[in-house]
**Q** 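Take a look at this one; I'll ask things after.
Since the model is a prediction, treat every value here as computed from it, not as a measurement.
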Amino acid sequence: MSNKVHVILSGGSGSRLWPLSKKSRTKQYIPLFDKKNLFEITLDNNQKFCDEILVVGNIDNYELSLSALQENVTNTYQVIVEALSKNTAAAIAFAALSLEEDDFMLVTPSDHVIEDEKAYEKALNEAFDFAEKDYLVTFGIQPTKPETGYGYIQSEGSNVVAFHEKPNKDTAKSFVEAGNYLWNSGIFCFKAKTYLEELSAFRPDILEACKSVMNLKQTDFLDAVESKKIPSESIDYAVMEHSKKIKVVKGTFEWSDLGSFEALFDYFSSKNAYVQDSNLVIAETAHVELHGLENTMVIQSGEAILVMPIEQSQEVKKIYQRLLKTNTKLIE
C-alpha cells in the first residue's frame, strides 16, 4: 500500500533574517509564533494529511529537528542529514530514494506559514489526484501584490505555461495584472518513482551521484566525500522547467514565505505583534523604543543589532555575506 510521506526540506541558511537566524539556529527554528517556530508549524500543518514524515536537513540543525520531531510528532519519521548543501534537486532525490517507488511525496519547505486548513486540504487532495496519474505537481499561490521576492508560475488552468524567475517591480506588476501568474510556493507533490524517472531523464548526473551517496548511508548522516560529487541544482531548473508531466494546483489558502523581514512585517501587522506603528521591532534581550521613525526595522539578537528600512530587507543577505568574511562569530 502506498504511503503519503511529508518530506520537509530544512537546509536553508536563512541569511535574510540575520541576526535572528544564525548557523546554529536557522530561521525555521526561531520561536516567534506564540513560542512556536516555523518547523513546528510545518509539522502541525501537514501531519494530519500524511502517514510519515521525512526531514532532509543539515548537520547544523540536526539536533533542533530531532527535538521538534520527538516533541510534536505522532507519525513515523526519519531524518536524512546532508553533509553538504546541494540544493533541492538532490535533497528531494535523497528522500525519493529512501521510499517505496509508489509512495506519494508531499514536499514542503520548513519556513512557510499556511492558514485556512479547509482550503489547504482541498489543494492537497487535488494534488494527490494528479500525482496518482504520474504528474509532478507544483503549488501556485494567487498573488496579493506585485512581490519581487518570489518566482512566478504562468498557467492556463492546471497546465504550466512557463516558470519565471524573481521579477523586478514593473514585471511583477504586469504579472499580477495579467491574472494567470501565481507565486511559486516551492511546495510539490508526486510519486517517488515519477520524480526519479524525470530526474533521470533530465539530470542523470544528479541522480547517479545521489545514488552513490545513498549506497554508503548507514546512519542518518550522509557521506561528505561522496557528496562533493553531486551537482548543485534546484528542482525547478533540474526537472520542473523541462518535464512534460507538470500540473499546477492553485492554492486559495493563506500562505506566507517568511524569508525576509518585510515578509515578517506584513505577516505580523495583521497579528498585532512585533509592530510599533509602521516599524518592525524584534528584540530578544533588549527593550527598544522608537520615536520619529517610519517603516524601519530594529532587530536584536545576542551582541548584534540590525537597523534599516523595511523595504530594503532583501539587502540583509549582503550583510550576512560580508560577516562571513569579516566577523563569523556574529553568524554562528
**Q** Quick check for you: to the nearest 0.5 Å, what is the distance between F39 atom CZ and L43 atom CG?
**A** 5.0 Å
**Q** Just do the side chain to side chain contact (heavy atoms under 4.5 Å, CB included) check on I310 and F261 with the steps written out, would you?
**A** CA-CA 7 Å; I310 293 172; F261 285 114; 5.8 Å; no
**Q** Could you tell me if the side chain of C189 sits less than 4.5 Å from the side chain of F139, heavy atoms only?
**A**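 F139 vs C189: side chains touch.
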**Q** When you compare the side chain of F175 with that of Q154, does any pair of heavy atoms fall below 4.5 Å?
**A**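 Answer no - side chains too far apart.
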**Q** Measuring from atom NE2 of H164 to atom CG of D236, what distance do you get when rounded to the nearest 0.5 angstrom?
**A** 12.5 Å
**Q** Taking all non-hydrogen atoms of both residues, which atom of S278 and which atom of L293 are closest, and how far apart?
**A** OG-O, 4.4 Å
**Q** Using only atom types and a distance under 3.5 Å, with no angle test, would you say the side chain of S200 pairs donor to acceptor with the backbone of L196?
**A** no
**Q** Look at K271 together with E115 and state whether they make a salt bridge at an N to O cut-off of under 4.0 Å.
**A** yes
**Q** Determine whether L66 and V7 fall in the same hydrophobic cluster, where Ile, Leu, Val, Met, Phe, Trp and Tyr are linked whenever their side-chain heavy atoms lie under 4.5 Å apart.
**A**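 L66 and V7: separate clusters.
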**Q** Does T108 form a side chain to side chain contact (heavy atoms under 4.5 Å, CB included) with I187? I'd like the steps, not just the answer.
**A** CA-CA 5 Å; T108 77; I187 303 173; 4.1 Å; yes
**Q** Strictly distance-based, threshold 3.5 Å: is any side-chain N or O of D257 a donor or acceptor partner for the main-chain N or O of H112?
**A** no
**Q** Measure the CD-OG1 distance between Q312 and T296 for me, rounded to the nearest 0.5 Å.
**A**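 Output value for this atom pair is 10.0 Å.
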**Q** Which heavy-atom pair separates L182 from S155 by the least distance, and what is that distance?
**A**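 L182 and S155 have their closest heavy atoms at CD1-OG, 4.0 Å.
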**Q** Quick one: does E226's side chain get under 4.5 Å of N215's, heavy atoms only?
**A** no
**Q** Would you mind reporting whether V5 and C50 have side-chain heavy atoms less than 4.5 Å apart?
**A** no
**Q** Check this for me: Y135, atom OH, are more than 12 non-hydrogen atoms of other residues, nucleotides or ligands nearer than 6.0 Å?
**A** no
**Q** Counting distance only, does the side-chain N/O of K317 pair as donor-acceptor with the main-chain N or O of Q314 below 3.5 Å?
**A**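 Pair absent, no side-chain N/O of K317 close to backbone of Q314.
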**Q** Tell me if a side-chain donor or acceptor on E197 pairs with a main-chain N or O of T194 at a distance below 3.5 Å.
**A**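 Not at all, since once roles are kept as given, no pair shorter than 3.5 Å links the two residues.
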**Q** Is it true that a side-chain atom of S270 and a backbone atom of Y267 form a donor plus acceptor pair closer than 3.5 Å?
**A** yes
**Q** Counting only heavy atoms not in K36, do more than 12 fall under 6.0 Å of its NZ?
**A** yes
**Q** Do you know the tightest heavy-atom contact between G157 and V248?
**A** O-CG1, 3.8 Å
**Q** Any chance OH of Y237 has more than 12 other-residue heavy atoms, nucleotides or ligands included, within less than 6.0 Å?
**A** no
**Q** Should Q28 and S10 be marked as a side chain to side chain donor-acceptor pair (under 3.5 Å) after you check the CA-CA gap, both sets of side-chain angles, and the distance that decides it?
**A** CA-CA 8 Å; Q28 58 268 48; S10 188; 2.9 Å; yes
**Q** Of all residues at least two apart in sequence or in a different chain, which pass the ring-ring contact (aromatic ring centres under 6.0 Å, His included) check with Y150?
**A** W183, W255
**Q** Would you confirm whether Y152, through its side chain, and E147, through its main-chain N or O, come within 3.5 Å as a donor-acceptor pair?
**A** yes
**Q** How far apart are the closest heavy atoms of K23 and D60, and which atoms are they?
**A** O-CB, 3.3 Å
**Q** Check whether Q300 reaches the backbone of G302 with its side chain - one donor and one acceptor, N or O, closer than 3.5 Å.
**A**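 Here the side-chain-to-backbone pair exists.
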**Q** Locate the shortest heavy-atom distance separating A83 from L222; write the atom from each residue and the value.
**A** CB-O, 3.4 Å
**Q** Is the number of heavy atoms from other residues, nucleotides or ligands under 6.0 Å of D277 CG greater than 12?
**A** no
**Q** Could you check whether atom CD of E100 has more than 12 heavy atoms from other residues, nucleotides or ligands sitting under 6.0 Å from it?
**A**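 Counting other residues, nucleotides and ligands, CD of E100 stays at 12 neighbours or fewer.
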**Q** Between E284 and K22, does at least one N-O distance fall below 4.0 Å, as a salt bridge requires?
**A** no
**Q** Distance-only check: which donor-acceptor pairs under 3.5 Å involve side-chain atoms of residues 84-98, not counting sequence neighbours?
**A**
unit_1: K86; atom_1: NZ; unit_2: I230; atom_2: O; d: 3.2
unit_1: T88; atom_1: OG1; unit_2: I235; atom_2: N; d: 2.8
unit_1: S98; atom_1: OG; unit_2: F94; atom_2: O; d: 2.8

**Q** Measure the CG-OG distance between L64 and S24 for me, rounded to the nearest 0.5 Å.
**A**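 One finds 8.0 Å between CG of L64 and OG of S24.
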**Q** Under the side chain to side chain contact (heavy atoms under 4.5 Å, CB included) rule, what do W18 and I299 come out as? Steps first, then yes or no, please.
**A** CA-CA 8 Å; W18 179 86; I299 313 297; over 6 Å; no
**Q** Applying side chain to side chain donor-acceptor pair (under 3.5 Å) to K191 and S2, what does each step give before you reach the verdict?
**A** CA-CA 9 Å; K191 290 179 185 175; S2 301; over 6 Å; no
**Q** Could you give the distance from CD (E40) to CG (N45), rounded to the nearest 0.5 Å?
**A**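 Interatomic distance, E40 CD to N45 CG, rounded to 0.5 Å: 12.0 Å.
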**Q** In sequence, state the C-alpha distance, the side-chain angles, and the governing distance for E126 and V137, and then conclude on side chain to side chain contact (heavy atoms under 4.5 Å, CB included).
**A** CA-CA 9 Å; E126 186 178 349; V137 183; over 6 Å; no
**Q** Less than 4.5 Å apart, any side-chain heavy atom of F104 and any of E132?
**A**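 Yes. Closest side-chain heavy atoms under 4.5 Å.
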**Q** Could you give the distance from OG (S185) to CD1 (I153), rounded to the nearest 0.5 Å?
**A**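 S185 OG to I153 CD1: 6.5 Å, rounded to 0.5 Å.
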**Q** T148 and P167: which non-hydrogen atoms are nearest, and at how many Å?
**A** CB-O, 3.3 Å
**Q** Would you confirm whether the ring centroid of Y195 sits within less than 6.0 angstrom of the ring centroid of F188?
**A**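 Not under 6.0 Å, so no.
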**Q** Would you say that V176 contacts K173 through its side chain, given a criterion of any heavy-atom pair below 4.5 Å between the two side chains?
**A**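 V176 vs K173: side chains apart.
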**Q** With sequence neighbours left out, what residues match E52 under side-chain hydrogen bond (donor to acceptor under 3.5 Å, both in side chains)?
**A**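 E52: side-chain hydrogen bond (donor to acceptor under 3.5 Å, both in side chains) contacts with N3.
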**Q** Pair up each side-chain donor or acceptor in residues 203-214 with any protein partner under 3.5 Å, not counting sequence neighbours, and list the distances.
**A**
unit_1: R203; atom_1: NE; unit_2: D205; atom_2: OD1; d: 3.0
unit_1: R203; atom_1: NH1; unit_2: E233; atom_2: OE2; d: 3.1
unit_1: R203; atom_1: NH2; unit_2: D205; atom_2: OD2; d: 2.8
unit_1: S212; atom_1: OG; unit_2: E208; atom_2: O; d: 3.1

**Q** Treating N75 as the side-chain partner and Q47 as the backbone partner, does any N or O pair qualify as donor plus acceptor under 3.5 Å?
**A** yes
**Q** Does some side-chain heavy atom of Y77 sit less than 4.5 Å from a side-chain heavy atom of L54?
**A** no
**Q** Would the number of heavy atoms belonging to other residues, nucleotides or ligands and lying under 6.0 Å from CD of E294 be above 12?
**A** no
**Q** Under the side chain to side chain donor-acceptor pair (under 3.5 Å) rule, what pairs show up with a residue in residues 243-254, not counting sequence neighbours?
**A**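 Passing the test, one end in residues 243-254: Q142-K250, N159-K247, E198-S243.
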**Q** Do any N or O atoms from the side chain of N279 and from the backbone of N295 form a donor-acceptor pair under 3.5 angstrom?
**A**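 Yes, because the side chain of N279 sits within donor-acceptor range (under 3.5 Å) of the backbone of N295.
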**Q** May I have the step-by-step check of salt bridge (Lys or Arg N to Asp or Glu O under 4.0 Å) for K169 and E311, ending in yes or no?
**A** CA-CA 12 Å; K169 199 71 172 180; E311 64 181 12; over 6 Å; no
**Q** For a 4.5 angstrom cut-off between non-hydrogen side-chain atoms, does L264 reach Y274?
**A** no
**Q** Identify, with sequence neighbours excluded, every residue that meets side-chain hydrogen bond (donor to acceptor under 3.5 Å, both in side chains) alongside D102.
**A**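 side-chain hydrogen bond (donor to acceptor under 3.5 Å, both in side chains) list for D102, sorted by chain: K193.
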**Q** Is there a donor-acceptor contact under 3.5 Å from the side chain of S110 to the main chain of L9?
**A** yes
